[in-house]
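Working notes, structure below.
Just so you know, ligand 1 is whichever comes first in the structure, and atom 1 is the first atom listed for that ligand.
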Amino acid sequence: MAEVILRDVKKIYDGGVVAVEGVNIEIKDREFVVLVGPSGCGKSTTLRMIAGLESISSGDLMIDGKRMNDVPPKDRDIAMVFQNYALYPHMSVYENMAFGLKLRKFPKDEIDRRVKEAAEILGIGPYLDRKPKALSGGQRQRVAVGRAIVRKPKVFLFDEPLSNLDAKLRVQTRTEINKLHRRLEATMVYVTHDQVEAMTMGDRIVVMKDGKVQQIDSPLNLYNQPVNKFVAGFIGSPSMNFLNGKVTRGDGGLNFRQSDGTLSLSLPDAAGARLDGRLDQELTLGIRPEDIYDASRAPQDRPLALGEAMVEVVEPMGNEIFLYLSTSGDTNRIGDSLVARLDARVAPSTGRMMPIALDMSKAHFFDRTTDLIIG
Ligand code: ADP
């Protein structure tokens with residue numbers, strides 16, 4: 001059992017920097033929770049407070065029902081894996097992994113058993129006699145994880161452990177950590193600024209910004225039901241498109257008119273239901289790239305909003321294409337782009353106006369002042 005609860009946890013650094021503002025997170029036993037957000041949002045500080053490497057200014061940290069605020073790090077039954085691995089250069093892989101257990105006065109044969117078991121799990125058995133400098137980045141990373149595993153802690157904490165690896169190795173190691181989580185059945189808390197890492201690894205994700213939790217949810221719920229514009233824009237790549245404008249009701253039905261572009265969309269009536277009391281008000285329409293279609297190929301069973309935009313850039317990705325569409329039709333204007341993700345069989349030419357269709361069952365509306373979702 002290892003349940004981690006943060007209740008109104010706050011961190012104010014010396015000098016008055018408020019790094020974490022009253023965070024509430026409940027991490028269940030054996031759960032894999034990812035803290036994600038842009039640089040400086042307070043993720044590492046939160047993790048370091050769980051580890052005991054930073055003091056907690058106010059609030060409670062509970063592990064398995066016990067208040068841990070004043071318990072020294074070594075007595076928290078937690079192991080942390082850092083970004084820079086922090087291996088001892090003069091020690092072999094074996095000694096690096098055994099070190100923590102030696103300090104804790106474990107018997108030699110128990111140390112040996114645990115180191116070999118961890119090496120086996122991580123596939124680093126052949127390197128046990130090597131020094132860290134004779135290992136690749138990926139192998140060093142495994143040793144760092146191995147050093148945590150041998151402790152058999154209740155909770156594993158990871159602070160951007162993949163950021164020093166190249167792109168391919170990151171993807172591979174990501175999968176390995178996922179497998180490890182299943183195999184060890186341990187509670188894991190993982191910090192990253194990379195939303196793809198968060199989406200692919202977490203049972204649940206905590207999205208943070210400016211020291212505050214924005215939303216805690218499963219990856220798919222974050223993607224499909226973001227609570228505000230920040231979460232909507234942070235999760236997903238390419239990002240959700242945002243259009244500022246107003247929805248009005250005219251003779252022909254509902255219309256969305258962009259405030260600073262020429263884009264005008266005729267909306268299906270179904271889109272109006274959640275806009276009760278919001279007609280004629282400035283709001284933000286959010287639509288993901290995959291929910292924008294070439295109107296001639298749009299699925300007809302969806303509530304579609306129809307309009308047109310100019311094709312500025314076509315990026316073929318092989319299996320799909322990314323289209324950069326100018327909503328103003330003015331190719332010299334920056335910042336009026338919509339990104340659409342289309343089937344690779346469509347080959348629009350640049351410089352042409354293209355009829356577009358937005359799937360309104362997937363669109364979101366946000367309040368312009370609070371950025372909160374409407375409806
Ligand atoms: P993240 O991990 O999300 O990048 P951090 O938790 O490292 O964010 O930092 C959160 C905020 O606290 C930032 O504004 C950062 O500058 C500040 N901060 C971090 N460590 C210290 C420190 N030791 N002293 C003062 N301010 C700090």
Open item on the list: Testing the 3.5 Å rule here: is there a donor-acceptor pair between the side chains of D112 and Y94?
Closed with: yes
- [ ] Return yes if a side-chain donor-acceptor contact under 3.5 Å exists between K11 and S55, otherwise no.
- [x] yes
Is there any protein N/O under 3.5 Å from an N/O of ligand 1, and what does the full list of such pairs look like?
residue	atom	partner	partner atom	Å
ligand 1	2 (O)	S44	N	2.9
ligand 1	2 (O)	S44	OG	2.8
ligand 1	3 (O)	G40	N	3.4
ligand 1	3 (O)	C41	N	3.0
ligand 1	3 (O)	G42	N	3.0
ligand 1	3 (O)	K43	N	3.1
ligand 1	3 (O)	K43	NZ	2.9
ligand 1	4 (O)	G40	N	2.7
ligand 1	6 (O)	T45	N	2.9
ligand 1	6 (O)	T45	OG1	2.5
ligand 1	8 (O)	G42	N	3.2
ligand 1	20 (N)	Y13	OH	3.4

- [ ] Please list, chain by chain and in numerical order, all residues satisfying side-chain hydrogen bond (donor to acceptor under 3.5 Å, both in side chains) with R174, sequence neighbours excluded.
- [x] T200
Task: Residue pair T284 / N244, side-chain donor-acceptor N/O under 3.5 Å - done: yes
Task: Salt bridge present between D64 and K154 (N-O < 4.0 angstrom) - done: yes
Open item on the list: Once you measure the plane-to-plane angle for H364 and F366, does it fall in the parallel (<30°), tilted (30-60°) or perpendicular (>60°) bin?
Closed with: tilted
